[in-house]
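In what follows, residues are counted from 1 in the order of the sequence shown. Quick note: numbers below take in every heavy atom, side chains included, and nothing from hydrogens, waters or symmetry partners.
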Amino acid sequence: MSEKKSTAGLASIIGASSVGTLIEWYDFYIFGSLATIISTQFFPKDNPTAAFLSTLATFAAGFVVRPFGALFFGRLGDLIGRKYTFMVTLVLMGGATFAIGCVPGYETIGFFAPLLVLVLRLLQGLALGGEYGGAATYVAEHAPANEKGFWTSWIQITATAGLFISLAVILITQSSLGKEKFEDWGWRVPFWVSIIMVYVSVLIRKNMHESPLFAKAKAEGKTSANPLKESFGNKYNFKYVLLALFGATMGQGVIWYTGQFYAQTFLLKICNIDFQQANTLLIIALMMGTPFFVFFGWLSDKIGRKGIMLTGMLLGVLCYRPIYEKIYQTANIKNKEEISAKTTEEVKRALVEGTSDSLITTTVTKEYTDGTKYKEVKKVTVLADASKEAPKPDVVKTVKLNEGDKWTMIWMVFVQLLFVTMAYGPIAAFLVEMFPVKIRYTSMSLPYHIGNGVFGGLMPAIATYLVSKAKDANEAAEKAGQTVVNAQPYLEGLKYPMLIAGICFVIGLLYIKEKKGGVE
């Protein structure tokens, strides 16, 4: 009876901790989920590629400051307690997210639009830097010693669940308002909705009690007077901070962001999959993959954390290129047979408002024998003054897959999610077990947020840049009449996560010595 009561009590603690963490991840990831639309709102429209890269850079900025949030809020958590610290981070995150939805676009306030969004992203990053370590520590300090992997894995679900909910809210909003209204102003709604969820989460968290281990340490006067100095000034402890970063979280971070965020970017920007279809198949894959966080967390209690996490990293290194090649070729219309009778072309010419320039819009639609549909909208500006250089044509391509290809994509994303769950499911328990209670919040937060925030968070921007650079090199070679430099430029972005995960695998394999229930 007491065991059931204990389990029920632990489940309510998990629920209260998780709901706030989930909402913070939702807030953080709406921006990334809407990157393709946000790039047209807060940056100049004359260079879509540059605007998208700038949006990804702004998205990444939130990750870069996460370690600073980890230091500030980690220190606070080790000084005054876990509960009150992640109440503050929740409110900060919610306020910044709501404010992003209120910032006027580039056409209204110019340069101040991306500047304000950048500042708010930085605030989000600081808040998230303090949230995860607090939630993971709080749950671990309530869980039985031999079940930490299982119980903390529920916290691991929150990141993917936050991404899942952000995609679901975006799709529901777009379906309700229609494509044009959504791209005009409706994209702001998911940002505004977050304030309601934050309010509910604050009410839930108000009733939480402090971690029993921290409360005991505080009552006995055993808390740290200077968590930062003890965490990073002590050579013995700092060695474990570095080991946690370079032997675990660095590789886990790139595996996480490749399997979820870069998968989304690849589908939308490189394969040109229809926005709603791409996000729908991601949601299905996320639903299929999410339970494995708990499975691998549970399994790590039985056989150890290290082997499971390193296997997830190694599988990513070995499998990413064939997986993404399969995704690309599945969407590639050159591999499909066109139904010429169903090809249509519509040309519209109109004056650009307030000028003598003309805008020629050519819309081409195609259908293929396997049920795939293709649409290309090309906008060319013809300047009245021929001596001036006309802007580059704006070309938007959209591929809508047939049902069979859609499920191929789902399985390709799902396989990547298995790697994610292996690398990420046991990581909270792994980090908690490395450090003592009095400096745990600070010590585990920094390597986690450098590994995920810097190495992982920069992944989509770096990968997109590498692909763009490879494509530019090919175009330059073609213009010069030379042989194409790279036959697979779309796979260039994978070099980054494969390199980082490979290095982390080797370091973790050689230097992390694990025993059951923790790291030596």
Looking only at heavy atoms, what is the nearest atom pair of Cys504 and Gly247, with distance?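 Smallest interatomic distance, heavy atoms only, reads SG-C, 3.3 Å.
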Would you indicate whether Phe191, at its atom CZ, is surrounded by more than 12 heavy atoms from other residues, nucleotides or ligands within a distance under 6.0 Å?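 Yes.
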Which value, rounded to the nearest 0.5 Å, describes the distance between Thr421 atom OG1 and Gln156 atom CD?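 Thr421 atom OG1 to Gln156 atom CD measures 11.0 Å (nearest 0.5 Å).
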Does the ring center of Phe42 lie less than 6.0 Å from the ring center of Trp187?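 Between Phe42 and Trp187, the centre distance is under 6.0 Å.
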Can you confirm whether Thr173 sits close enough to Pro190 that some side-chain heavy atom of one is under 4.5 Å from a side-chain heavy atom of the other?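 Result yes, sub-4.5 Å side-chain heavy-atom pair found.
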Look up atom CG in Leu509 and atom CD1 in Ile507, then write down how far apart they are to the nearest 0.5 Å.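 Here the interatomic distance stands at 11.0 Å.
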Do you know which two heavy atoms are closest between Ile157 and Phe293, and how far apart they sit?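 Reported closest heavy-atom pair: CG1-CB, 3.7 Å.
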Hey, could you give me the CD1/CG distance between Ile255 and Leu314, rounded to the nearest 0.5 Å?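 Going from CD1 on Ile255 over to CG on Leu314, the span is 9.0 Å.
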Provide the closest heavy-atom pair for Met313 versus Gly251 in the form atom of the first, atom of the second, distance.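 Taking every non-hydrogen atom into account, SD-CA, 3.9 Å.
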Between Phe414 and Trp411, what is the ring plane arrangement, given parallel below 30°, perpendicular above 60°, and tilted in between?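 The arrangement is perpendicular - the two ring planes meet at more than 60°.
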Compare all side-chain heavy atoms of Gln124 with those of Thr97 and state whether any distance is below 4.5 angstrom.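 Gln124 reaches Thr97 side chain to side chain.
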Evaluate the side-chain proximity of Thr290 to Phe164: yes if any heavy-atom separation is below 4.5 Å, no if none is.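 No, every pair of side-chain atoms sits at 4.5 Å or beyond.
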Ile427 CD1 to Ile308 CD1 distance, which is reported to the nearest 0.5 Å: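 These two atoms lie 11.5 Å from each other.
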Are the side chain of Asn279 and the backbone N or O of Leu167 linked by a donor-acceptor pair below 3.5 Å?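 Not a single qualifying donor-acceptor pair exists.
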Could you go step by step and tell me if Leu243 and Ile512 meet the side-chain contact (heavy atoms from CB on, under 4.5 Å) rule? CA-CA 7 Å; Leu243 193 58; Ile512 292 177; 3.8 Å; yes
Would you find more than 12 non-hydrogen atoms of other residues, nucleotides or ligands less than 6.0 Å from Trp192 atom CH2?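 Atom CH2 in Trp192 is crowded, with more than 12 foreign heavy atoms closer than 6.0 Å.
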How far apart are the C-alpha atoms of Ile323 and Phe419, what are their side-chain angles, what is the distance that settles it, and do they pass the side-chain contact (heavy atoms from CB on, under 4.5 Å) test? CA-CA 12 Å; Ile323 286 173; Phe419 309 158; 3.9 Å; yes
If we ignore angles and hydrogens, is there a donor and acceptor under 3.5 Å between the side chains of Arg321 and Gln488?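 Yes - a donor-acceptor pair under 3.5 Å links their side chains.
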Assess whether atom CD of Glu337 is packed by more than 12 heavy atoms of other residues, nucleotides or ligands within 6.0 Å.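 No - once you tally the heavy atoms of other residues, nucleotides and ligands closer than 6.0 Å, there are 12 at most.
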Testing Thr330, Thr369, Asp370 for side chain to side chain donor-acceptor pair (under 3.5 Å) with Lys336, which one passes?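 Of all the options given, the one that passes is Asp370.
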Do Phe296 and Met309 have side-chain heavy atoms sitting under 4.5 Å apart?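 Sidechains of Met309 and Phe296: no contact.
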Counting only N and O atoms by type, is there a donor-acceptor contact under 3.5 Å from the side chain of Lys148 to the main-chain atoms of Gly297?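 Judged by distance alone, no pair lies under 3.5 Å.
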Checking Lys469 now: which residues fulfil side-chain hydrogen bond (donor to acceptor under 3.5 Å, both in side chains) with it, not counting sequence neighbours?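 Residues passing side-chain hydrogen bond (donor to acceptor under 3.5 Å, both in side chains) with Lys469: none at all.
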Taking atom OH as the centre, does Tyr368 end up with more than 12 heavy-atom neighbours from other residues, nucleotides or ligands that are less than 6.0 angstrom away?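 Yes, the 6.0 Å shell around OH holds more than 12 heavy atoms from other groups.
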Can you confirm whether more than 12 heavy atoms, excluding those of Met288, are under 6.0 Å from its CE atom?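 Yes, because the 6.0 Å sphere around CE of Met288 holds more than 12 heavy atoms from other groups.
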Restricting to non-hydrogen atoms, name the atom on Ser300 and the atom on Gly149 that form the minimum distance, rounded to 0.1 Å.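 Residues Ser300 and Gly149, closest heavy atoms: OG-CA, 3.9 Å.
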Beyond-backbone contact of Tyr324 with Ile270, side-chain heavy atoms, under 4.5 angstrom: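 No, every pair of side-chain atoms sits at 4.5 Å or beyond.
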Distance-only, no hydrogens or angles: does the Gln41 side chain make a donor-acceptor pair with backbone N or O of Glu183 under 3.5 Å?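 Yes: the side chain of Gln41 pairs with the backbone of Glu183.
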Just wondering, do Tyr424 and Leu417 contact through their side chains at under 4.5 Å, heavy atoms?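 No, too far: nothing below the 4.5 Å cut-off.
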From CZ (Phe182) to CG (Leu177), nearest 0.5 Å: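 The CG atom of Leu177 is 8.0 Å from CZ of Phe182, to the nearest 0.5 Å.
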Can you name the closest pair of heavy atoms from Thr311 and Gly307 and give their distance?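 In this case the closest contact between Thr311 and Gly307 is OG1-O, 2.6 Å.
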Centroid-centroid under 6.0 Å between Tyr511 and Phe246 rings: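 No - the distance between ring centres of Tyr511 and Phe246 does not fall below the 6.0 Å cut-off.
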Check whether any side-chain heavy atom of Lys375 sits under 4.5 Å from a side-chain heavy atom of Asp274, and report yes or no.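 No; the side chains remain at least 4.5 Å from each other.
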Are the side chains of Ile283 and Thr280 in touch, meaning some heavy atoms are under 4.5 Å apart?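 The answer is no; the side chains never approach within 4.5 Å.
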Dump the intermediate steps for side-chain contact (heavy atoms from CB on, under 4.5 Å) on Cys271 and Val399, then the final yes or no. CA-CA 8 Å; Cys271 296; Val399 176; over 6 Å; no
So, does Asp301 use its side chain to make a donor-acceptor pair with the main chain of Phe150 at under 3.5 Å?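 Judged by distance alone, yes, a pair lies under 3.5 Å.
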To the nearest 0.5 Å, what is the distance between CG on Leu431 and CG on Leu446?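 Spacing of CG (Leu431) from CG (Leu446) equals 11.0 Å.
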Pair Phe112-Val103, side-chain contact (heavy atoms from CB on, under 4.5 Å): steps then yes or no: CA-CA 9 Å; Phe112 287 103; Val103 174; over 6 Å; no
Counting distance only, does the side-chain N/O of Tyr496 pair as donor-acceptor with the main-chain N or O of Phe455 below 3.5 Å?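 Side chain of Tyr496 to backbone of Phe455, a donor-acceptor pair under 3.5 Å: yes, one is there.
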For atom NZ of Lys326, decide whether the heavy atoms of other residues, nucleotides or ligands shown that lie under 6.0 angstrom number more than 12.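 No.
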Smallest separation among heavy atoms of Tyr262 and Pro460, with atom names: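 Between these two residues, the closest heavy atoms are CD1-CA, 4.3 Å.
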Please check: side-chain N/O of Arg121 versus main-chain N/O of Ile100, any donor-acceptor pairing under 3.5 Å?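 No; zero donor-acceptor contacts below 3.5 Å.
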Glu180 backbone acceptor or donor facing Asp184 side chain under 3.5 Å: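 Checked: no pair found.
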